[in-house]
Amino acid sequence: MEVTRHSCLKLELKDVDPIFVKGTWFDSRFELSLTDGHNAWICRASEEEVRNRAAQWDQPVLEYVSLAEQYLGFQQPHSLYGFADAGDGHKRLSWTFEKEGTKLQWRWKCEPAPDSKQTTAEILDFLMDANIRLSEEVVIKTQSFERLKVEAEKSLAQSEKISKEKVEFESALYAKFLKVLNSKKAKLRDLRDQLTEQGAAVGKLPQEEEDESTDKTESFDDISEEESSKNITGTSKDAQTSRPRGQKRTTRN
């Protein structure tokens with residue numbers, strides 16, 4: 001199904017009053033209505049004419065129509081537009097553009113409208129309807145923007161609330177964790193002290209036993225030395241006592 005598009009351009013021209021160009025665009029052809037407020041002109045570019053023009057410029061038909069819509073739907077600042085007399089009340093609409101570094105010009109001949117007032121009224125009605133649609137769109141978009149703004153403010157407030165609750169939760173959680181950590185540290189210190197005390201008690205017992213064993217050993221050594229000296233002394237006395245008794249005097253005759 002062929003899609004129909006519409007446009008209306010207030011075309012500013014050099015040294016002359018501006019004109020309004022209303023375009024109806026199809027895939028393979030287009031129609032133009034033009035007015036300066038007093039007189040009106042029309043241009044009906046048939047499929048055959050568009051196809052021939054596109055062939056001359058070595059372009060597909062769809063591309064040719066799209067480019068014409070681009071220049072007659074919106075005034076291009078780099079383009080030079082013209083609306084000159086072509087004799088017998090006709091006008092020649094032209095515009096320039098560049099392609100691959102070459103400046104080109106398109107021209108279409110416009111004939112006087114059968115009813116200038118009706119054509120002008122149709123263009124004005126189209127502008128009024130377009131203005132109303134634009135106004136409605138502006139109102140709708142403004143309302144939509146206001147709704148989005150309210151929603152954004154609500155979201156921001158909710159985000160700030162969640163952020164605050166998050167900070168409070170983290171602070172409370174950290175405080176609890178710190179309390180538990182300190183409690184664990186205290187228990188560990190108590191266990192360490194208990195282990196230290198138990199280790200000291202266990203280490204003291206072998207030392208005392210060793211001291212007692214040393215004392216007993218020294219006593220035993222003392223007795224042994226004393227008894228040994230006595231035995232030695234007794235032995236010496238016995239030896240002295242027994243020595244005279246064992247001697248025999250020998251007499252020689």
Side-chain angles (χ1 to χ4, degrees), residues 1-87 89-114 116 118-142 144:
M1 182 178 179
E2 191 174 34
V3 179
T4 304
R5 303 176 300 278
H6 300 279
S7 65
C8 191
L9 166 66
K10 182 181 179 181
L11 185 59
E12 300 286 347
L13 300 171
K14 187 177 181 180
D15 299 332
V16 295
D17 294 334
I19 60 173
F20 290 90
V21 182
K22 177 179 175 293
T24 303
W25 307 94
F26 304 92
D27 292 339
S28 57
R29 61 188 180 88
F30 61 89
E31 296 177 0
L32 300 176
S33 299
L34 304 90
T35 182
D36 58 4
H38 301 284
N39 301 306
W41 299 265
I42 59 174
C43 173
R44 292 186 175 91
S46 64
E47 292 184 3
E48 184 178 359
E49 289 177 315
V50 172
R51 185 167 55 253
N52 292 334
R53 294 288 185 94
Q56 291 176 6
W57 295 101
D58 194 21
Q59 287 180 312
V61 172
L62 187 61
E63 181 181 339
Y64 183 93
V65 174
S66 177
L67 190 58
E69 182 180 359
Q70 177 182 345
Y71 278 80
L72 297 181
F74 302 92
Q75 185 165 357
Q76 305 297 323
H78 59 274
S79 178
L80 180 62
Y81 291 85
F83 192 60
D85 291 331
H90 291 68
K91 292 284 187 178
R92 183 174 287 106
L93 178 66
S94 63
W95 62 94
T96 62
F97 65 96
E98 289 189 4
K99 182 178 180 181
E100 299 178 355
T102 303
K103 192 170 185 179
L104 306 176
Q105 184 182 53
W106 282 1
R107 295 178 296 179
W108 281 89
K109 192 174 183 179
C110 304
E111 62 183 20
S116 294
Q118 182 179 354
T119 301
T120 301
E122 290 175 355
I123 295 175
L124 292 177
D125 289 342
F126 178 83
L127 289 173
M128 290 292 293
D129 292 340
N131 186 54
I132 292 173
R133 289 195 301 271
L134 288 175
S135 299
E136 291 176 350
E137 289 180 4
V138 169
V139 172
I140 293 173
K141 289 184 177 181
T142 302
S144 178

Discussion item. For a quick test of reading the model, state the closest non-hydrogen atom pair linking Cys110 to Cys43 and the distance between them.
Written reply: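 What the structure gives for the nearest pair is SG-CB, 3.8 Å.
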Over 12 foreign heavy atoms within 6.0 Å of [atom1], [X]:
X      : atom1 : answer
Gln56  : CD    : yes
His78  : NE2   : yes
Lys141 : NZ    : no

Distance, nearest 0.5 Å, that separates [atom1] of [X] from [atom2] of [Y]:
X      : Y      : atom1 : atom2 : value
Arg92  : Trp108 : CZ    : CH2   : 12.5 Å
Ser46  : Phe30  : OG    : CZ    : 9.5 Å
His38  : Ser116 : NE2   : OG    : 11.5 Å
Lys22  : Thr119 : NZ    : OG1   : 10.0 Å
Thr120 : Asn39  : OG1   : CG    : 8.0 Å
Arg44  : Ser33  : CZ    : OG    : 7.0 Å

Worksheet item: Checking side-chain contact (heavy atoms from CB on, under 4.5 Å) against Trp41, which of Leu32, Thr35, Asp36 comes through?
Response: Asp36
Between the side chain of [X] and the main-chain N/O of [Y], is any donor-acceptor distance below 3.5 Å?
X      : Y      : answer
Gln75  : Glu12  : yes
Asn131 : Leu127 : no
Thr142 : Val138 : yes

Discussion item. Tell me whether Arg107 forms a cation-pi arrangement with Trp95, defined as NZ or CZ under 6.0 Å from the six-membered ring centre and within 45 degrees of its axis.
Written reply: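 Not satisfied by the 6.0 Å and 45° rule.
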Discussion item. Is it true that Gln105 and Thr96 share a donor-acceptor pair across their side chains at a distance under 3.5 Å?
Written reply: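 Result is no, nothing qualifies.
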Fill in: Check: Trp25/Thr4 side-chain N/O donor and acceptor closer than 3.5 Å
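Side-chain D/A pair, Trp25 to Thr4: absent.
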Worksheet item: Is Glu111 salt-bridged to Lys109, cutoff N-O under 4.0 Å?
Response: no
Worksheet item: Do the charged groups of Arg5 and Glu69 touch, with an N to O distance under 4.0 Å?
Response: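 Salt bridge: yes.
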Worksheet item: So Phe97 and Tyr71, would you call those rings parallel, tilted or perpendicular, with 30° and 60° as cut-offs?
Response: tilted
Practice prompt. Give the ring-plane orientation class for Trp57 versus Trp106, where under 30° counts as parallel, over 60° as perpendicular and anything between as tilted.
Written response: tilted
Item to complete: Start with the C-alpha distance between Val50 and Tyr64, add both sets of side-chain angles, then the distance that settles side-chain contact (heavy atoms from CB on, under 4.5 Å), and finish with yes or no.
Response: CA-CA 8 Å; Val50 172; Tyr64 183 93; 4.0 Å; yes
